[in-house]
> 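What follows is a structure written as structure tokens; I'll ask about it next.
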Amino acid sequence: MGLLRAVLRHPSGRIGAAIILLFLVVAALGAIGLTPHDPLKQYVIDRLKPPSGTYWFGTDLLGRDTFSRLMLGIGESFLVAFASVAVAATAGTVIGLFAAWWGHLWDGILMRIMDVLLAFPAILLALLIVAIEGPGVATSITAIGIVYTPIFARVVRAPALALKGREFVEAARTFGSSQPYILSRHLLLNLVAPLTVQITLALAWALLTESGLSFLGLGTQPPAPSLGVMLAESKSMMTRAPWLMVFPGLTIMLAILGFNLFGDALRDILDPRTQERPA
């Protein structure tokens, strides 16, 4: 609760938290079916209607309500982003801890593999994995998770190496504590702060990558909406129905902004180097 209060006192934290909470509420309402209209039902007679009191964000080429589809699309994109970051954070933390603790040969092998993955641009590596496995939500989660695993491995390894030689770790070894206990109790708990910040920032990258994959037809597949799918469906109607591109685009921009602002606030609060020193 203390951390939450500190974030809410931070200007960027308040704005970021408000944006994220808004999108989470909208996604939850869409998931339980509380949308103004059926997001998948086609009303051909109402196709390409501009924003109005009946259709707040207008309708698409098939007469589907854009706002209702956006509610579902936010949930779909957030699901992929959160799941893929969970995969990346878990795998990266395990790899980083393993490399730091055992060091030497294992450290060299694992970090060189991470370097190879980092050498590829994120979207290109994700495209390669999706092209091998085939398009779909599960594949997108796996691909994005693999793409961002090296970043978490690097974030964990460096401080874990420093903590490994600290006195309290040596004392735990002297008293016969098991390696799993030392890794979880003394190393991992001291890495919560940088991991929390990295997870928040990674959610913004994952959301952008998922939107890119879906835009290219390699992520969420129609008729299920996601933010990238909605952008892809609107590209041929930019001049005739600009609202079809404007609203999903603004949603992606605001979501990424929210995660970045929240992550920046967490970094300012949790990084002792940014704390104000007493006079």
Side-chain angles (χ1 to χ4, degrees), residues 23-24 26-52 54-85 87 122-145 147 203 205-256:
F23 282 130
L24 290 176
V26 170
L29 292 175
I32 62 177
L34 294 180
T35 56
H37 303 273
D38 188 337
L40 301 179
K41 189 171 182 180
Q42 301 176 14
Y43 300 92
V44 180
I45 194 173
D46 289 333
R47 66 194 190 101
L48 296 181
K49 292 284 187 181
S52 64
T54 303
Y55 299 109
W56 298 345
F57 288 180
T59 61
D60 63 9
L61 188 61
L62 300 176
R64 296 172 296 189
D65 179 42
T66 302
F67 182 72
S68 299
R69 287 178 61 76
L70 200 61
M71 292 177 70
L72 279 189
I74 292 171
E76 190 74 19
S77 295
F78 272 43
L79 171 65
V80 174
F82 277 91
S84 59
V85 169
V87 170
I123 189 65
L124 290 182
L125 183 56
L127 284 172
L128 175 62
I129 297 170
V130 172
I132 294 172
E133 297 294 328
V137 172
T139 305
S140 296
I141 292 172
T142 303
I144 298 172
V147 165
L203 285 169
W205 310 334
L207 182 63
L208 185 60
T209 306
E210 188 281 332
S211 299
L213 290 175
S214 296
F215 181 82
L216 296 173
L218 299 174
T220 303
Q221 298 298 296
S226 80
L227 300 177
V229 168
M230 295 181 70
L231 280 177
E233 293 175 343
S234 67
K235 63 180 183 291
S236 62
M237 307 296 296
M238 283 190 295
T239 55
R240 186 177 177 186
W243 60 86
L244 296 178
M245 179 167 284
V246 168
F247 291 118
L250 285 176
T251 299
I252 295 172
M253 184 194 73
L254 286 175
I256 293 173

> Is the backbone N or O of G58 less than 3.5 Å from a side-chain atom of T66, with the two atoms forming a donor-acceptor pair by type?
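A pair under 3.5 Å: yes.
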
> Which atoms form the tightest heavy-atom contact between F67 and P36, and what is the distance?
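Result for this residue pair: CD2-CG, 3.6 Å.
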
> Would you confirm whether S226, through its side chain, and G73, through its main-chain N or O, come within 3.5 Å as a donor-acceptor pair?
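Side chain of S226 to backbone of G73: no pair is present.
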
> Can you say whether the rings of H37 and Y43 are parallel (under 30°), tilted (30 to 60°) or perpendicular (over 60°)?
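Perpendicular: the ring planes of H37 and Y43 meet at over 60°.
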
> Examine distances only and state if a side-chain atom of T59 and a backbone atom of K49 form a donor-acceptor pair shorter than 3.5 Å.
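Pair found, side chain donor or acceptor close to backbone of K49.
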
> ring-ring contact (aromatic ring centres under 6.0 Å, His included): which pairs involve residues 215-244, sequence neighbours left out?
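Matches after skipping sequence neighbours: none remain.
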
> State which residues pass ring-ring contact (aromatic ring centres under 6.0 Å, His included) with F247; sequence neighbours excluded, sorted by chain then number.
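ring-ring contact (aromatic ring centres under 6.0 Å, His included) list for F247, sorted by chain: F57.
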
> Measure the spacing between CG of L48 and CZ of R240 and express it to the nearest 0.5 Å.
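So the gap between those two atoms works out to 5.0 Å.
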
> Taking the side chain as C-beta and beyond, is there a heavy-atom pair between T142 and E133 under 4.5 Å?
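Answer no - side chains too far apart.
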
> Within the structure provided, determine whether T35 and D65 are in side-chain contact (heavy-atom separation under 4.5 Å).
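When only atoms from C-beta onward are counted, D65 and T35 do not touch, as no gap falls below 4.5 Å.
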
> What distance do K235 atom NZ and L244 atom CG have between them, rounded to the nearest 0.5 Å?
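K235 atom NZ to L244 atom CG measures 12.5 Å (nearest 0.5 Å).
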
> Report yes if the side chains of D46 and T54 come closer than 4.5 Å at any heavy-atom pair, otherwise no.
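In short, these two side chains do not touch, never coming nearer than 4.5 Å.
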
> Shortest non-hydrogen contact from R69 to R64?
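Closest approach of R69 to R64, heavy atoms only: NH1-NH1, 3.4 Å.
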
> Do you know the tightest heavy-atom contact between L72 and A31?
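It is CD2-N, 4.4 Å.
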
> So T209 and V147, do their side chains get closer than 4.5 Å, heavy atoms only?
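Counting from C-beta outward, V147 and T209 never come under 4.5 Å.
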
> By the definition side-chain contact (heavy atoms from CB on, under 4.5 Å), identify the one residue from I129, T139, V130 that meets it with L218.
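The passing option is V130.
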
> For a quick test of reading the model, state the closest non-hydrogen atom pair linking G217 to P135 and the distance between them.
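Heavy atoms only, the tightest pair is O-CB, 3.9 Å.
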
> Taking all non-hydrogen atoms of both residues, which atom of A83 and which atom of I141 are closest, and how far apart?
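Of all heavy-atom pairs spanning A83 and I141, the closest is CB-CD1, 3.7 Å.
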
> With a cut-off of 6.0 Å (strictly less than), are more than 12 heavy atoms of other residues, nucleotides or ligands near CD1 of I32?
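Above 12, so yes.
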
> Is there side-chain contact between I132 and L128, with at least one heavy-atom pair below 4.5 Å?
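Contact flag for I132/L128 side chains = yes.
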
> Any heavy-atom pair between the side chains of E210 and S84 that's under 4.5 Å?
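Sidechains of E210 and S84: no contact.
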
> To the nearest 0.5 Å, how far apart are CD in E76 and OG in S140?
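Between atom CD of E76 and atom OG of S140 there are 9.0 Å.
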
> Taking the side chain as every heavy atom from C-beta outward, state whether P225 and E233 have any pair of such atoms under 4.5 Å apart.
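The answer is no; the side chains never approach within 4.5 Å.
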
> What are the two closest heavy atoms between P51 and W56, and how far apart are they?
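Closest approach of P51 to W56: CB-O, 3.2 Å.
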
> Considering the options L208, I252, T220, which one meets the side-chain contact (heavy atoms from CB on, under 4.5 Å) requirement together with L227?
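Option passing the side-chain contact (heavy atoms from CB on, under 4.5 Å) with L227: I252.
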
> Below 4.5 Å, heavy atoms only, C-beta onward: do L231 and M245 meet side chain to side chain?
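Side chain of L231 against side chain of M245, heavy atoms only: contact under 4.5 Å found.
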
> What distance do F82 atom CZ and L207 atom CG have between them, rounded to the nearest 0.5 Å?
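If we round to the nearest 0.5 Å, F82:CZ and L207:CG are 9.0 Å apart.
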
> Which distance, rounded to the nearest 0.5 Å, do you find between the CG of L34 and the CE of M71?
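One finds 7.0 Å between CG of L34 and CE of M71.
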
> How long is the gap from CE on M230 to OG on S211, to the nearest 0.5 Å?
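The distance works out to 11.5 Å.
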
